[in-house]
Amino acid sequence: MENPFIYSDDNKRYHTFHYYLKHTYHSKVFKVPLNGGFTCPNRDGSKGIGGCSFCSALGSGDSVIQSEDLMEQFEKGKIMMQRKWPNGKAMAYFQAYTNTYGPLEKIKNCLNPFMQREDVVALCIATRADCLEDEIIQYLDSLCERKDIWIEVGLQTIHDSTAKAMNRGHDVACFYDAIQRLSKTRCKICVHIINGLPYETKEMMLETAKAVAKLPVHAIKIHMLHLLNNTQLAKEYEKKPFPILTRDEYVEIICEQLTYLPQEMIIERLTGDGLAHDLIAPIWTIKKVCVLNEIDKYMASHNLMQGMNHTF
């Protein structure tokens with residue numbers, strides 16, 4: 001039976017990043033995660049200490065090759081990726097911590113060398129909404145003349161009460177302001193959200209997805225909350241456990257969220273890659289392929305497609 005979803009070459013009923021990359025670059029494209037040596041205003045005391053309560057000690061850069069030299073990180077990471085995809089093209093992915101937090105000159109020194117590499121098709125820069133000053137946005141926009149520039153901005157939730165409890169360090173108004181300023185550039189924008197944050201209801205998670213659906217952004221990453229060793233949230237959970245979504249609950253929520261997102265919005269991720277030795281819960285997220293398969297089966301059996309409930 002032919003898949004009725006327009007942005008698909010297979011059985012997926014949502015707009016996968018794989019589909020976008022294949023049709024944009026006509027090749028397999030992989031990300032090489034990097035640590036540019038930045039920190040975070042929520043760690044160094046300017047906004048807070050300890051970071052967001054769910055964030056790992058490595059600032060979500062746990063898969064980065066450990067080296068102080070950026071090019072060494074990239075070369076080793078690229079070699080690992082090309083073992084699986086020998087003819088694949090690379091994106092330089094500045095993943096760890098907040099990669100626009102610091103002097104503009106430092107940001108330029110990190111990004112500019114990768115702009116000169118012919119084997120890099122795009123740069124991906126993970127950051128926070130409160131670390132996107134106008135001069136930084138202007139610089140990032142200027143890079144778009146030579147390569148695709150993706151800016152990944154962590155939202156996690158539109159609910160300020162949850163964000164405050166997670167020690168995010170800024171409110172949703174700050175996020176909306178940053179997205180509006182970014183939307184006036186040539187940069188591509190990806191928003192991160194997390195399902196399963198403590199005490200959020202299904203309705204609250206759907207509200208976050210519906211809010212992202214109305215934003216001028218190109219892509220979304222959706223993540224199940226991971227309780228990781230040595231995080232503040234893990235310590236809080238140990239003292240007072242809170243409900244954790246089951247796999248079935250997560251799949252149902254994800255599939256409904258997808259129906260509210262516009263068809264053209266790229267779905268970069270539907271589940272995370274938590275390191276097994278650091279993961280406390282939920283253990284079911286380790287089997288990423290199983291989660292994705294369950295999402296595909298649920299959408300097909302319930303005749304759901306991305307965008308079917310989207311309202312303009």
Side-chain angles (χ1 to χ4, degrees), residues 1-31 81 84-85 87-91 93 120-126 144 147-155 179 182-183 185-195 205-224 250-273 288-312:
M1 182 178 177
E2 185 176 350
N3 187 348
F5 186 67
I6 185 172
Y7 297 105
S8 180
D9 293 328
D10 49 27
N11 69 321
K12 303 292 185 183
R13 289 169 167 247
Y14 57 92
H15 191 164
T16 67
F17 199 35
H18 172 75
Y19 177 92
Y20 166 80
L21 294 172
K22 176 183 174 183
H23 286 263
T24 301
Y25 300 106
H26 310 290
S27 169
K28 173 65 184 178
V29 179
F30 52 77
K31 288 184 176 181
M81 294 296 185
K84 188 172 184 180
W85 301 292
N87 299 315
K89 299 175 181 178
M91 287 185 173
Y93 180 24
V120 173
V121 298
L123 271 61
C124 305
I125 301 148
C144 298
K147 292 187 190 293
D148 288 335
I149 305 297
W150 282 89
I151 311 299
E152 300 193 358
V153 187
L155 168 62
I179 294 299
L182 279 173
S183 71
T185 72
R186 293 163 288 182
C187 297
K188 299 186 184 301
I189 309 166
C190 178
V191 174
H192 293 215
I193 68 172
I194 296 178
N195 287 334
M205 296 175 224
L206 293 178
E207 286 170 2
T208 292
K210 291 175 184 178
V212 173
K214 298 182 185 302
L215 294 174
V217 303
H218 303 82
I220 187 172
K221 285 185 173 181
I222 308 178
H223 199 309
M224 172 59 196
Y250 182 75
V251 166
E252 181 179 335
I253 291 168
I254 281 280
C255 292
E256 189 165 347
Q257 286 175 321
L258 287 172
T259 69
Y260 294 109
L261 300 175
Q263 288 189 340
E264 62 273 15
M265 186 176 288
I266 301 158
I267 312 301
E268 286 205 26
R269 183 177 65 195
L270 286 180
T271 184
D273 294 296
K288 182 176 179 179
V289 173
C290 291
V291 178
L292 294 175
N293 287 342
E294 289 302 312
I295 290 170
D296 292 340
K297 288 192 290 185
Y298 189 98
M299 294 193 78
S301 64
H302 291 76
N303 196 26
L304 303 178
M305 287 189 290
Q306 179 182 339
M308 63 187 294
N309 292 325
H310 175 61
T311 55
F312 295 91

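Computed from a predicted model, the values in this text were never measured in an experiment. Just the heavy atoms: all of them, side chains too, but no hydrogens, waters or symmetry mates, feed the values below.
- Side-chain contact between I295 and C255 is present, with at least one heavy-atom pair separated by less than 4.5 Å.
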- prompt: Are I254 and V291 close enough, and set up right, to give a side-chain contact (heavy atoms from CB on, under 4.5 Å), and what steps lead you there?
  reply: CA-CA 11 Å; I254 281 280; V291 178; over 6 Å; no
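- Looking at heavy atoms from C-beta onward, T16 lies out of side-chain contact with S8 at the 4.5 angstrom threshold.
- Ring geometry, Y20 versus F17: the interplanar angle falls under 30°, so the pair is classed parallel (tilted spans 30 to 60°).
- Closest non-hydrogen pair, H223 versus Y250, comes out as C-OH, 3.5 Å.
- Here the closest non-hydrogen pair linking K221 and Y93 is NZ-OH, 3.1 Å.
- Side-chain contact between T208 and M205 is absent, with no heavy-atom pair separated by less than 4.5 Å.
- We find the CD1-OG distance between I151 and S183 to be 13.0 Å, quoted to the nearest 0.5 Å.
- Side-chain contact between I220 and Q257: absent, with no pair of heavy atoms (C-beta onward) separated by less than 4.5 Å.
- Put simply, CE on M305 and OH on Y14 are 15.0 Å apart, with the number rounded to the nearest 0.5 Å.
- Annotation: the span from Y25 atom OH to D148 atom CG amounts to 3.5 Å, rounded to 0.5 Å.
- The main-chain N or O of V251 is never found under 3.5 Å from a side-chain atom of Y298 such that the two would form a donor-acceptor pair.
- The distance from atom CE of M224 to atom NZ of K288, rounded to the nearest 0.5 Å, is 15.0 Å.
- Ring pair Y19/Y7 is perpendicular by interplanar angle, where above 60° counts as perpendicular and below 30° as parallel.
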Could you list the donor-acceptor pairs under 3.5 angstrom formed between side-chain atoms of residues 258-271 and any protein atom two or more places apart in sequence or on another chain?
from	atom 1	to	atom 2	distance (Å)
T259	OG1	E256	O	2.6
T259	OG1	N309	ND2	3.0
E268	OE1	K31	NZ	3.0

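- A distance-only check finds a donor-acceptor pair linking the side chain of K147 to the backbone of V120 [under 3.5 Å].
- More than 12 heavy atoms of other shown residues, nucleotides or ligands fall within 6.0 angstrom of atom NE2 in H218.
- Residue pairs that meet the salt bridge (Lys or Arg N to Asp or Glu O under 4.0 Å) test with at least one member in residues 296-312, sequence neighbours left out, are K12-D296, E294-K297.
- Here the straight-line distance linking atom SG of C190 with atom CD1 of I125 works out to 12.5 Å at 0.5 Å rounding.
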task: Test side chain to side chain donor-acceptor pair (under 3.5 Å) on H23 and D9 and set out the steps.
output: CA-CA 10 Å; H23 286 263; D9 293 328; 2.7 Å; yes
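- Taking 4.5 Å as the limit, some side-chain heavy atom of R13 sits within range of a side-chain heavy atom of N303.
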